[in-house]
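Order of appearance sets the numbers: ligands from 1, and atoms from 1 within every ligand.
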Amino acid sequence: MQIEKIKIEEHNHSLQKDHQRRFDFIAADVNNVEAIIEKLIAFQVAIPSWALGTGGTRFGRFPGGGEPRNLEEKIEDIGLLHAFNQSSGAISLHIPWDIPENATHIKALAAQHGLKFDAMNSNTFQDQPGQQLSYKYGSLQNVNKAIRQKAIEHNIEVIKYGIELGSESLTVWLSDGSCFPGQLNFRTAFQNTLQSLEEIYAALPANWKMFLEYKAFEPNFYSTTVGDWGQSFTYVNKLGPKAFTLVDLGHHLPNANIEQIVSLLLMEGKLGGFHFNDSKYGDDDLTVGSIKPYQLFLIFNELVEGMDAKGMNHANGIGWMIDASHNVKDPLEDLLQSVEAIMLTYAQALLVDRTKLQAAQNNNDVVTAQELLQQAFRTDTRALVAEARLKAGAALNPLALYRIEKVREALIKQRGAKTVATGL
Ligand code: RM4
Ligand code: MN
Ligand code: MN
C-alpha cells in the first residue's frame with residue numbers, strides 16, 4: 001500500500017490555518033528558527049525490520065493483523081511511515097530474520113520508497129532450525145572454538161549482505177554471558193569475545209563501522225560479557241578506529257545516568273550507534289518518550305552539545321535507530337509515535353541556550369543552569385516539528401492521517417488478519 005501525495009496535501013490543507021497560528025507563536029520566540037527547521041528535516045531515524053509486527057512477550061503473542069509477510073512488505077511498511085513523516089528514511093535489518101534473497105531487487109525497492117540501509121544486525125542469540133553447534137552457552141565467548149568460529153562467520157556473512165545493500169555498519173549485540181556464579185571465567189569470556197570481534201573487524205570494508213551494543217542483563221541473569229558501556233568501550237578501543245559503542249536506552253541498570261555515559265563516549269569519539277526506546281523496569285522496548293521524557297531530553301541535550309563540540313553532523317554522525325517491540329499497539333502507529341517523540345525532543349535540545357548555560361556553569365549558578373534546561377524541555381515544540389514535516393512534504397499530523405486513511409484496515413485486507421512478521 002502507498003499513500004498518495006494528494007492525500008497528504010489535502011490533509012495538510014485542512015490543518016494549515018491552525019498550524020500556522022501555532023507555528024507563528026513559537027517562531028516568534030525562537031532565534032534561529034530556519035536553521036532549526038533545516039536540522040529537523042535532515043534528521044532521519046532508522047526503523048528496525050523486527051519492529052513491524054506485534055512481538056508479544058514470552059507469555060503470549062497477539063498478532064494485530066496485516067503484518068508484513070516478507071522483507072518486501074516490511075520495506076513497504078517503512079516506506080509508508082516515511083511518506084507520512086519524512087523522518088524515517090532508513091531501515092535496519094536483522095539477519096537471518098530478513099535475508100535479502102535478491103539484493104538488487106531489495107535495494108531498488110527501498111530506493112523507490114526513499115529508504116537507505118542503516119546498520120545490519122547479526123543474530124547469534126538464537127539457534128536456527130537444524131543448527132548443530134549451539135549458542136546455548138554463548139557465541140563469540142564460547143569455550144568451544146568451533147562455535148566461536150560459526151558465530152564469526154555469521155557476522156562476516158551479515159557484512160556481505162550489507163555490502164550488497166549499501167549499508168555501512170554492523171551492529172553486534174551479544175546475549176553472551178552466564179546465568180550462575182562460577183559458570184564462566186570472566187577474563188576468558190572477555191578474551192574469547194575480543195578475539196572473535198577482531199576477526200569480524202578485519203572483515204569490515206574501509207568505509208564501514210562496527211557498533212558494539214552492551215546490555216546489563218537478559219537473557220543471561222548473572223553476567224553479560226558486554227554488560228555495560230565500560231566493557232563495550234574497552235572492546236572498541238582495543239579493536240580500532242572503525243569500532244564504536246552503541247547505546248540502547250533500555251540496556252542499563254535502574255537509574256543509570258545515561259546522559260553522562262553519552263557525553264563521555266562522545267568526548268572519546270566512541271559513540272557510534274543509538275537505539276531509542278523507553279522503559280520503566282528493564283529492557284521494556286516501549287514507545288520512545290512514553291515513560292521518561294525528561295530523561296530523553298537530558299540525553300538529547302548531551303548528544304547535541306557533545307556532537308557540536310566535536311563538529312559532528314547531527315544527522316549522520318551517529319547511527320540513529322529505534323529498537324522497540326510491540327505487544328498491544330499497532331506497530332506502525334507506535335513507530336509514528338516514537339519518531340515524533342524523538343523529533344520533539346531533538347527540537348527541544350536544539351533550543352537550549354548554550355552560551356547562557358556555559359556561563360551559569362562557570363559561575364556555579366546551579367539554579368540558572370537547571371532553569372535553562374527546563375525552559376527548553378517545557379517548550380512545546382510540536383509546531384516546529386510539524387513545520388519541518390510540512391516543508392519536507394510529509395503530513396502535518398501523521399498519526400491522524402494514518403487513521404483517516406484506514407491504513408491498518410487496508411493492510412489487513414491486502415495481507416490477511418493472521419500474518420506473522422519475522423522478528424522478536
Ligand atoms: C536486544 C538488543 C538488540 C536487538 C535485539 C532484538 O535486546 O536490543 O539491539 O537486536 O534485542
Ligand atoms: Mn538494541
Ligand atoms: Mn534491547
Side-chain angles (χ1 to χ4, degrees), residues 45-58 61 74 90-99 117-128 135 138-140 151 154-155 158 161-162 167 169-177 200 209-221 224-229 231-232 235-236 244-254 256 258 261-262 265 271-288 290-292 296 299 318-327 331 334-335 338 342 421-424:
V45 185
I47 305 295
S49 65
W50 60 96
L52 298 160
T54 322
T57 70
R58 69 185 192 278
R61 181 168 179 162
K74 288 183 173 189
I91 172 167
S92 186
L93 286 192
H94 222 295
I95 306 293
W97 292 336
D98 293 294
I99 292 184
F117 287 90
D118 210 288
M120 301 291 294
N121 299 264
S122 58
N123 179 340
T124 60
F125 49 88
Q126 288 175 322
D127 285 348
Q128 300 309 315
Y135 296 139
S139 56
L140 299 185
H154 165 70
N155 274 279
V158 174
Y161 284 126
S167 165
S169 47
L170 169 74
T171 295
V172 179
W173 173 68
L174 302 172
S175 70
D176 292 32
I200 300 166
K209 294 177 181 173
M210 181 201 270
F211 303 144
L212 184 61
E213 183 170 359
Y214 59 87
K215 179 169 174 173
F217 60 91
E218 195 208 15
N220 275 294
F221 287 103
T224 301
T225 300
V226 192
D228 63 19
W229 77 278
Q231 292 165 33
S232 169
Y235 286 107
V236 298
F244 299 85
T245 294
L246 182 146
V247 173
D248 180 314
L249 294 180
H251 287 196
H252 304 85
L253 291 172
I258 305 174
I261 295 173
V262 160
L265 282 172
L271 181 62
F274 213 87
H275 280 179
F276 290 105
N277 47 48
D278 209 345
S279 58
K280 183 150 180 74
Y281 302 105
D283 189 25
D284 307 348
D285 284 345
L286 298 174
T287 319
V288 181
S290 62
I291 308 280
K292 292 174 289 201
L296 183 65
I299 292 166
I318 288 179
W320 307 109
M321 292 160 269
I322 289 175
D323 184 4
S325 66
H326 310 97
N327 304 330
D334 187 287
L335 287 162
S338 275
I342 293 168
T422 51
L424 284 173

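Geometrically, ligand 1 and D323 share a nitrogen or oxygen pair separated by less than 3.5 Å. Looking at W97 next to ligand 1, no N or O pair under 3.5 Å apart turns up. The distance criterion of under 3.5 Å between nitrogen or oxygen atoms is met by K215 with respect to ligand 1.
With no hydrogens or angles considered, no side-chain donor-acceptor pair links T57 and N327 at under 3.5 Å. At a cut-off of 3.5 Å, with distance as the only test, no side-chain donor of N220 or D176 sits close to an acceptor on the other residue. In summary, the side chains of D334 and T287 do present a donor paired with an acceptor at a separation below 3.5 Å, with no hydrogens or angles considered.
Between H251 and W173, the angle of the ring planes lies from 30° to 60°, which puts this pair in the tilted group.
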Criterion side-chain hydrogen bond (donor to acceptor under 3.5 Å, both in side chains) on W50 and D98, from CA distance to verdict: CA-CA 9 Å; W50 60 96; D98 293 294; over 6 Å; no
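Below 4.0 Å from some heavy atom of D248 lie the following atoms of ligand 1, by number and element: 8 (O). Within ligand 1, the atoms closer than 4.0 Å to a non-hydrogen atom of H251 are 2 (C), 7 (O), 8 (O), numbered from 1 in the order shown. For ligand 1, the atoms lying closer than 4.0 Å to a non-hydrogen atom of H275 are 9 (O). Each of the following atoms of ligand 1 lies closer than 4.0 Å to a heavy atom of D283: 7 (O).
Counting only distances under 2.8 Å, and ignoring water, the protein N, O or S atoms around the Mn ion (ligand 2) are E213 OE2, D248 OD2, H275 ND1, D323 OD2.
For T171, no heavy-atom contact with ligand 1 is shorter than 4.0 Å.
Remark: minimum distance from atom 5 (C) of ligand 1 to any protein heavy atom is reached at W173 CE3, 4.1 Å.
Among N121, D323, I322, the one residue that satisfies the side-chain contact (heavy atoms from CB on, under 4.5 Å) test with S92 is N121.
Taking all heavy atoms of E213, E218, H94 into account, the minimum distance to atom 9 (O) of ligand 1 is reached by E213.
For the pair K292 (side chain) and S279 (backbone), a donor-acceptor distance under 3.5 Å is present. The closest donor-acceptor contact from the side chain of S338 to the backbone of V288 lies under 3.5 Å. At least one donor-acceptor pair under 3.5 Å links the side chain of S232 to the backbone N or O of L212. Proximity of a side-chain donor or acceptor of S167 to a complementary backbone N or O of D118 within less than 3.5 Å is detected. A donor-acceptor contact shorter than 3.5 Å is absent between the side chain of H94 and the backbone of S49.
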